[in-house]
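Reading through the structure tokens given below for one structure.
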Amino acid sequence: ATMAPASARTFENRQRQEQANTGEATANSSAGGCARTAFSGNVGRKPGDVKFLQHCFSASTNIEHSGGSCHHVGTWPRLLLDVGCGPHAQAASALVNMSRAQANSLPLTQPSQQAPFIILSDVARTAVMAARARLGHHVAEGVVADMRSLSAVIRGGVFDMVLSFYSLQHARRSDLQSIIAGLGTLTTPTRGRVAIAALCDQAASSLGVVCDERLPAPLASCYPSLLAPGALPHFLRNTGLVPSWSARRRHFYVKEAEFPCTRQYVIARRRLPVLARSGFTRRLCRQVHLRKKRLIW
């Protein structure tokens, strides 16, 4: 009974919203807010998604602590890839707004830093064009490509962050392993991060009550790949990525007409290779370690 109004409103407006996607995104490009989409709703009104995007922003930000205060010594993500951006690019828009707000809050003694440059990727050309018009051509470029071929189309090892915001469910389950592995190769080896928000095959309620039941067959058939709860971190580990932060959302937002399932958020980095050390290097590292412990001088 709780879902009936939201579902009816969603499916009634879906076709009209999809037809107006391009025009709506262009009209809102200067507003900087998050437009309402057919299934995801307004990201700014969903604290769970906002928290995930805040972690995405801080995951690639270098912060130095000294004297009880902290200040930036690096930059936030300079180059970001939004996989499956859609016509509204809500996640990329939110990260751009966060970087601008952070820049405005820095003291005048700190060097000003620009918003990240974003590569928008989607299989639909109209979605890429609409998303680029929304963000602005000076901060975004578009690539029309399927998720399976991104690692072949885009040069690897260059992105500070690769973001997949509710796009993996559109891929076939048999392709998930190779897709996630390809996303990992696109990030820089040391600082790069892969951030994924995914839908799970587990029923949820508006109150956050989870009864560990799978979605009914009609709902589960809406997407090719709905992951089992907790499966996403295992996918990442199997592809050589190390999760650094993860969370689950057990409720959905009825007012935003969300798909009624739980959600998994994971941010991961590439596993650094272990280099063989010579005897001299091992002794030198041991001395440095002891000096830090103040055991020798």
Side-chain angles (χ1 to χ4, degrees), residues 37-41 43 46-57 59 80-86 88-92 94-95 121-123 127 146-148 150-151 159 161-184 186-187 192-205 208 210 212-216 219-253 256-270:
T37 57
F39 281 101
S40 65
V43 170
K46 299 187 292 184
D49 287 346
V50 172
K51 181 179 179 181
F52 165 68
L53 293 174
Q54 288 174 342
H55 277 276
C56 290
F57 177 74
L80 184 144
L81 175 63
D82 189 354
V83 180
C85 60
H88 297 92
Q90 295 202 68
L95 291 176
S121 171
D122 201 282
V123 71
D146 189 271
M147 285 186 287
R148 296 171 296 179
L150 275 178
S151 57
F159 289 95
M161 175 162 287
V162 175
L163 175 65
S164 173
F165 192 66
Y166 300 129
S167 56
L168 282 184
Q169 67 269 13
H170 298 291
R172 292 181 301 183
R173 182 174 293 271
S174 58
D175 296 329
L176 286 180
Q177 196 80 22
S178 60
I179 289 175
I180 295 176
L183 298 183
L186 297 176
T187 61
R193 298 291 185 271
V194 175
I196 298 177
L199 304 181
C200 298
D201 187 8
Q202 185 179 41
S205 71
V210 179
D212 292 331
E213 294 183 357
R214 297 186 60 182
L215 289 171
L219 289 177
S221 62
C222 291
Y223 297 106
S225 297
L226 290 174
L227 298 175
L232 185 56
H234 295 290
F235 269 102
L236 293 167
R237 292 189 185 97
N238 292 337
T239 57
L241 296 171
V242 181
S244 56
W245 179 85
S246 64
R248 287 179 60 190
R249 175 150 66 90
R250 301 175 180 272
H251 62 278
F252 70 99
Y253 298 97
E256 299 305 318
E258 277 196 322
F259 194 74
C261 70
T262 60
R263 284 152 172 80
Q264 177 88 51
Y265 306 108
V266 179
I267 299 176
R269 58 174 176 82
R270 292 171 66 173

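Position 1 is the first residue of the sequence, and the numbers go up from there. These figures come from a predicted structure and were not determined experimentally.
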Does the side-chain contact (heavy atoms from CB on, under 4.5 Å) test come out yes or no for Tyr223 and His170, once each step is laid out? CA-CA 6 Å; Tyr223 297 106; His170 298 291; 3.6 Å; yes
Would you mind reporting whether [Y] and [X] have side-chain heavy atoms less than 4.5 Å apart?
X: Val194; Y: Ile180; value: no
X: Arg263; Y: Lys46; value: no
X: Pro260; Y: Leu219; value: yes

If you measure from [atom1] on [X] to [atom2] on [Y], what distance do you get to the nearest 0.5 Å?
X: Leu226; Y: Leu168; atom1: CG; atom2: CG; answer: 11.0 Å
X: Asp82; Y: Ser167; atom1: CG; atom2: OG; answer: 7.5 Å
X: Ser164; Y: Leu150; atom1: OG; atom2: CG; answer: 10.0 Å
X: Leu215; Y: Leu199; atom1: CG; atom2: CG; answer: 9.0 Å

Mind running side-chain contact (heavy atoms from CB on, under 4.5 Å) on Leu95 and Leu163 for me, showing each step along the way? CA-CA 11 Å; Leu95 291 176; Leu163 175 65; 3.9 Å; yes
Nearest atoms (heavy-atom pairs only) where [X] meets [Y]:
X: Val266; Y: Ser246; answer: CG2-CB, 4.0 Å
X: Leu241; Y: Gly184; answer: CD2-CA, 4.0 Å
X: Gln169; Y: Pro224; answer: O-CD, 2.9 Å
X: Ser151; Y: Leu186; answer: CA-CD2, 4.0 Å
X: Cys56; Y: Ala195; answer: SG-CB, 3.4 Å
X: Leu236; Y: Thr239; answer: O-OG1, 2.8 Å

Aromatic centroids of Phe259 and Tyr166 separated by under 6.0 Å: no
Check for a donor-acceptor pair, side chain of [X] on one end and backbone N or O of [Y] on the other, with a separation under 3.5 Å.
X: Tyr253; Y: Gly48; answer: yes
X: Asp201; Y: Ala228; answer: no
X: Ser244; Y: Ile267; answer: yes

Name all pairs fulfilling the side chain to side chain donor-acceptor pair (under 3.5 Å) condition that reach into residues 173-184, sequence neighbours left out, sorted by first residue then second. Arg172-Asp175
Starting from the C-alpha separation in whole Å, work towards a yes-or-no answer on side-chain contact (heavy atoms from CB on, under 4.5 Å) for Asp49 and Arg249. CA-CA 9 Å; Asp49 287 346; Arg249 175 150 66 90; 3.3 Å; yes
With sequence neighbours left out, write down each residue that passes side-chain contact (heavy atoms from CB on, under 4.5 Å) with Cys200, or none if nothing qualifies.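 Partners of Cys200 under the side-chain contact (heavy atoms from CB on, under 4.5 Å) test: Thr262, Gln264.
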Partners of Ala198 by side-chain contact (heavy atoms from CB on, under 4.5 Å), sequence neighbours excluded?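 For Ala198, the residues satisfying side-chain contact (heavy atoms from CB on, under 4.5 Å) (neighbours in sequence not counted) are Ile196, Leu227, Leu232.
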Look at the rings of Phe52 and Phe165 and say which category their plane angle falls in: under 30° parallel, 30 to 60° tilted, over 60° perpendicular. parallel
Go through the steps for Leu81 and Ser121 under the test side-chain contact (heavy atoms from CB on, under 4.5 Å), then give the verdict. CA-CA 7 Å; Leu81 175 63; Ser121 171; 4.1 Å; yes
